[in-house]
Amino acid sequence: NAGVTQTPKFQVLKTGQSMTLQCAQDMNHEYMSWYRQDPGMGLRLIHYSVGAGITDQGEVPNGYNVSRSTTEDFPLRLLSAAPSQTSVYFCASSYDGFNQPQHFGDGTRLSIL
Amino acid sequence: AQKITQTQPGMFVQEKEAVTLDCTYDTSDPSYGLFWYKQPSSGEMIFLIYQGSYDQQNATEGRYSLNFQKARKSANLVISASQLGDSAMYFCAMPRESGGSNYKLTFGKGTLLTVNP
């Protein structure tokens, strides 16, 4: 059972570089979301999607882009990485919204130098 | 605006004893739910338990139960018979409405539980 798969698990970038964090789920879930986790801050919602072709902003969307071309995939793009984006990123999915338990990926630890 | 507060940055408990992790919330939604997640040191997020605001009874899942006090806006997690494997970070989370039918999810800052042998 794959569940929610995030790649890569670790990444180091230089300031100004771009990169895409990948997220894929095989549970046919409509809802997918991205969070960042910083020390002492809990998880904060970056962007989410309620289905293919539909995305919306969360609490901390600046500096990040998303798209949802298929039900399975929800990539997160950093267009110009900044040190403030150093964090652990989690992708999550659920069948029918945030009022259901979220299935989380294992996270991506991202460092921006 | 909705808010989740976990006032205990860290808690210690002896193995086999019970422990309560606090969570208070603030919402204007008439119907809402509350989740608890566990994050071990390995980093993954694990769903533990859910309480709906209109549920007649407090939620229970094995050794986990919720002490839900709606009037006080609290949903404390009770772990009975603590085990060493319960040592982890615990997060309380609440979906919140953001226009129409789209909900978002707000997390508290977490409580780090350490179970001592």
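Just so it is clear, the model here is predicted, and its values are computed rather than measured. Sequence lines set the chain letters: A, B, ... in the order given, protein chains first and strands last, and positions in each chain run from 1.
For the atom pair CD (A:Gln102) and CZ (B:Phe35), the distance works out to 7.0 Å, reported to the nearest 0.5 Å. Annotation: the span from B:Leu105 atom CG to A:Tyr48 atom OH amounts to 11.5 Å, rounded to 0.5 Å. Separation of atoms CD (B:Gln39) and CZ (A:Phe104) is listed at 9.0 Å; rounding is to 0.5 Å.
Residues of residues 44-63 of chain B placed with any heavy atom under 4.5 Å of a heavy atom in chain A are listed by number as B:Glu44, B:Met45, B:Phe47, B:Tyr50. By a heavy-atom distance cut of under 4.5 Å, A:Gln57, A:Gly58, A:Glu59 are the residues of residues 57-66 of chain A near chain B, going up by number.
A:Ile46 is not connected to A:Leu43 by any chain of hydrophobic side-chain contacts under 4.5 Å among Ile, Leu, Val, Met, Phe, Trp and Tyr, and they are in different clusters. Residue B:Met94 is grouped with residue B:Phe68 when hydrophobic side chains (ILVMFWY) are merged at heavy-atom distances under 4.5 angstrom, including chains of intermediate members. One hydrophobic cluster holds both B:Val19 and B:Leu84 under the rule that ILVMFWY side chains link at heavy-atom gaps under 4.5 Å. Both B:Tyr37 and A:Phe90 are assigned to one and the same hydrophobic cluster, defined by single-linkage of ILVMFWY side chains at heavy-atom distances under 4.5 Å. One hydrophobic cluster holds both B:Leu66 and B:Ile79 under the rule that ILVMFWY side chains link at heavy-atom gaps under 4.5 Å.
Between A:Gln37 and B:Phe91, the shortest heavy-atom distance links the atoms NE2-CZ, 3.3 Å. Among all heavy-atom pairs drawn from B:Pro95 and A:Asn99, the shortest one is CG-OD1, 3.2 Å.
Remark: A:Arg109 CZ is loosely packed, at most 12 non-hydrogen atoms of other residues, nucleotides or ligands lying under 6.0 Å away. By the neighbour-count criterion of 12 heavy atoms within 6.0 Å, atom NZ of B:Lys109 is sparsely surrounded, having that number or fewer from other residues, nucleotides or ligands. Heavy atoms of other residues, nucleotides or ligands lying less than 6.0 angstrom from NZ of B:Lys16 number 12 at most.
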